[in-house]
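Notes to accompany the following structure.
We use all heavy atoms of the structure for the numbers below, so side chains are in, but hydrogens, waters and symmetry mates are not. Note that ligands are numbered from 1 as they come in the structure, with each ligand's atoms numbered from 1 the same way. No experiment lies behind these values; they were computed from the predicted model shown.
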Amino acid sequence: MRGTLITKTKRGEFQVPDDPVIPFIEGDGVGRDIWPAARYVFDQAVKAAYGEARSVVWTEVLAGEKALEKAGALLPEETLETIARCRVAIKGPLTTPVGKGFRSLNVTLRKHFDLYTCIRPVRYFEGVVSPMKHPERLDVVIFRENVEDVYAGLEWPEGSEEARRLGVYLKEAFRWEIPDDAGIGIKFISEGNTKRFVRRAFDYALSHGRKSVTFIHKGNIMKYTEGAFREWAYQVAREDYGEAVVMEADLAGTAPPGGKIVVKDRIADAMFQLILLRPEEYDVLVLPNLNGDYLSDACAAQVGGIGMAPGANIGQDVAIFEATHGSAPKYAGQDKVNPSSLILSGAMMFDFLGWKEAARLIEKGVAEAIRRGRVTYDLARFRPDAVEVACSTFAEEIVRNF
Ligand code: NAP
């Protein structure tokens, strides 16, 4: 393999060479459309920012339908080994069957590499038609815990021996009555995993000059999981970031002292209306896994749809950047869908690598291409002044607007 591997220092920092080897998973469905478009934008951005001094050496790793076809497994061992060795990877969407079949490959990847932090920035791009009167007022970065909660995949189907045994045990040990014909899933949230995750959110808020951090939970009902999440998050705020933060409750409506980050919490159901009604009051949002998933898509819809929102899954040793939408199979191979989610995930990846100039060029190119109105179908259909272009043409528009 040409190129040089990314390494880590003893202090845990990623060391990025000028020619890093970065594995990519093309993805199922529209992955075959958006990956070539995104790769073109990435290569052009690196070239525009650094000339010949830097370049990414892309290496394909297989997952999903392509892997099954070519290597006889949905997630071959070689894919996991290559990602572990290279440390930073990028992926398109992978199909997951609902209610049957194999477990989500996305969840498997997150668990395998312990990618405990999912980061999804959601902001408005001028020229995107949104259902909101003032979509520009939303500018949040969602931190979603990525390996715990009911989302961890600990569940048994109705009628299985495991569900039956669990039902019997719960009845005998705790007198908990669960119907015989129930599927059973387990929700767990731990102190250690919550605290390491919440620290990531505060580190991000501090290094990016964000104004507030809000813990979102359903602790009024699920006291020992979501309620504990809130409690542990406040402990991190007080004990590890005490000098840098101020609690909303202590402000009593007054402005925070210069530069301090305001820490607050909201109950999840209320948050879904607050983010619609007063989005400008929120900044970094910190949630357990399931509600983090829901709120990410809701926020993305508020600024015009999930075709735009990027995402990163970050662990201690590995980081995987990904499009947040699914494989949209009905559009596969049509060179039609919006590649922005994957392209903006690439910008997050370049930021992570410390290649800030390339990241800014990509963001500028996307923003400007949308503003000028030669855009993919999803954006063009709501904009009479826009011209619909193919996925690949849109990538060229982005590069033209660097
Ligand atoms: P989806 O693939 O995201 O597509 C739902 C709709 O969203 C599409 O029909 C399209 O809407 C719009 N859309 C999605 N991506 C778009 C893009 N790049 N540009 C423009 N519009 C886009 O969701 P799904 O149909 O629920 O899921 C399909 C499969 O993907 C499932 O197997 C699911 O499990 C999987 N999935 C994977 C990931 C991942 O890999 N991270 C994430 C979510 C879902 P219109 O038809 O209205 O234009």
Side-chain angles (χ1 to χ4, degrees), residues 24-38 41 61-68 74-75 79 89-113 115 118-120 125 128-131 142 144 146 151 153 289-290 292-298 300-301 303-314 320-346 348 366 369-370 375-383 386 388-395 397-398:
F24 68 88
I25 293 170
E26 180 185 87
D28 296 328
V30 292
R32 81 184 77 144
D33 304 295
I34 60 175
W35 169 251
V41 171
V61 288
L62 299 175
E65 288 155 10
K66 199 168 177 183
L68 195 60
L74 284 161
L75 192 55
T79 295
I90 187 159
K91 66 175 275 293
L94 293 169
T95 297
T96 309
V98 177
K100 59 181 167 50
F102 58 87
R103 239 178 80 184
S104 161
L105 298 177
N106 300 309
V107 174
T108 307
L109 282 168
R110 288 168 203 161
K111 291 197 76 161
H112 180 85
F113 292 114
L115 305 174
C118 175
I119 309 176
R120 291 188 180 178
F125 285 92
V128 174
V129 176
S130 139
I142 297 170
R144 164 188 169 193
N146 226 10
Y151 221 101
N289 206 337
L290 180 64
D293 191 28
Y294 294 158
L295 192 67
S296 302
D297 276 14
V303 293
I306 55 172
M308 299 288 303
N313 298 290
I314 300 182
I320 301 182
F321 296 81
E322 68 172 349
T324 55
H325 57 77
S327 54
K330 67 180 173 184
Y331 297 121
Q334 294 180 27
D335 191 16
K336 184 175 171 78
V337 298
N338 188 344
S340 298
S341 176
L342 188 57
I343 289 173
L344 292 169
S345 302
M348 288 180 82
V366 170
I370 293 172
V375 290
T376 44
Y377 84 97
D378 54 313
L379 303 180
R381 68 181 156 193
F382 299 118
R383 249 179 92 174
E388 182 182 328
V389 297
C391 173
S392 54
T393 313
F394 185 59
E397 289 295 319
I398 292 171

Is the shortest N/O to N/O distance between [X] and ligand 1 below 3.5 Å?
X	answer
Tyr331	yes
Val337	no
Tyr377	yes
Gly326	yes
Pro93	no

Could you walk me through whether Tyr151 and Asp293 satisfy the side chain to side chain donor-acceptor pair (under 3.5 Å) test, starting with their C-alpha distance in whole Å, then the side-chain angles of each, then the deciding distance to 0.1 Å, before giving a yes or no? CA-CA 10 Å; Tyr151 221 101; Asp293 191 28; 2.8 Å; yes
Original post:
Would you call the rings of Tyr377 and Tyr331 parallel, tilted or perpendicular if under 30° counts as parallel and over 60° as perpendicular?
Top reply: tilted
Ligand 1 versus [X]: contacting region, heavy-atom distance under 4.0 Å:
X	value
Ala323	backbone
Ile34	neither
Thr96	both
Asn106	side chain

Would Ser327 count as a contact residue for ligand 1, given that I'm defining contact as a non-hydrogen atom of the residue lying under 4.0 Å from a ligand atom?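 Contact present.
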*Thr324 near ligand 1 by a heavy-atom separation under 4.0 Å*: yes
Candidates Lys336, Glu322, Lys91, His325; heavy atom nearest atom 38 (C) of ligand 1 found on His325
**Q.** Numbered atoms and elements of ligand 1 in range of Thr95, under 4.0 angstrom, heavy atoms
**A.**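 Those qualifying, in numeric order: 32 (O).
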A student checking ligand 1 against Lys330 at a 4.0 Å heavy-atom cut-off should list atoms 9 (O), 46 (O)
Exercise. Scan Val30, Leu342, Ile25 and name whichever one has a side chain to side chain contact (heavy atoms under 4.5 Å, CB included) with Trp35.
Key: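 Answer after filtering Val30, Leu342, Ile25: Leu342.
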Original post:
For Gly311 and Ser345, which heavy atoms make the closest approach, and how far apart are they?
Top reply: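 That would be N-OG, 3.2 Å.
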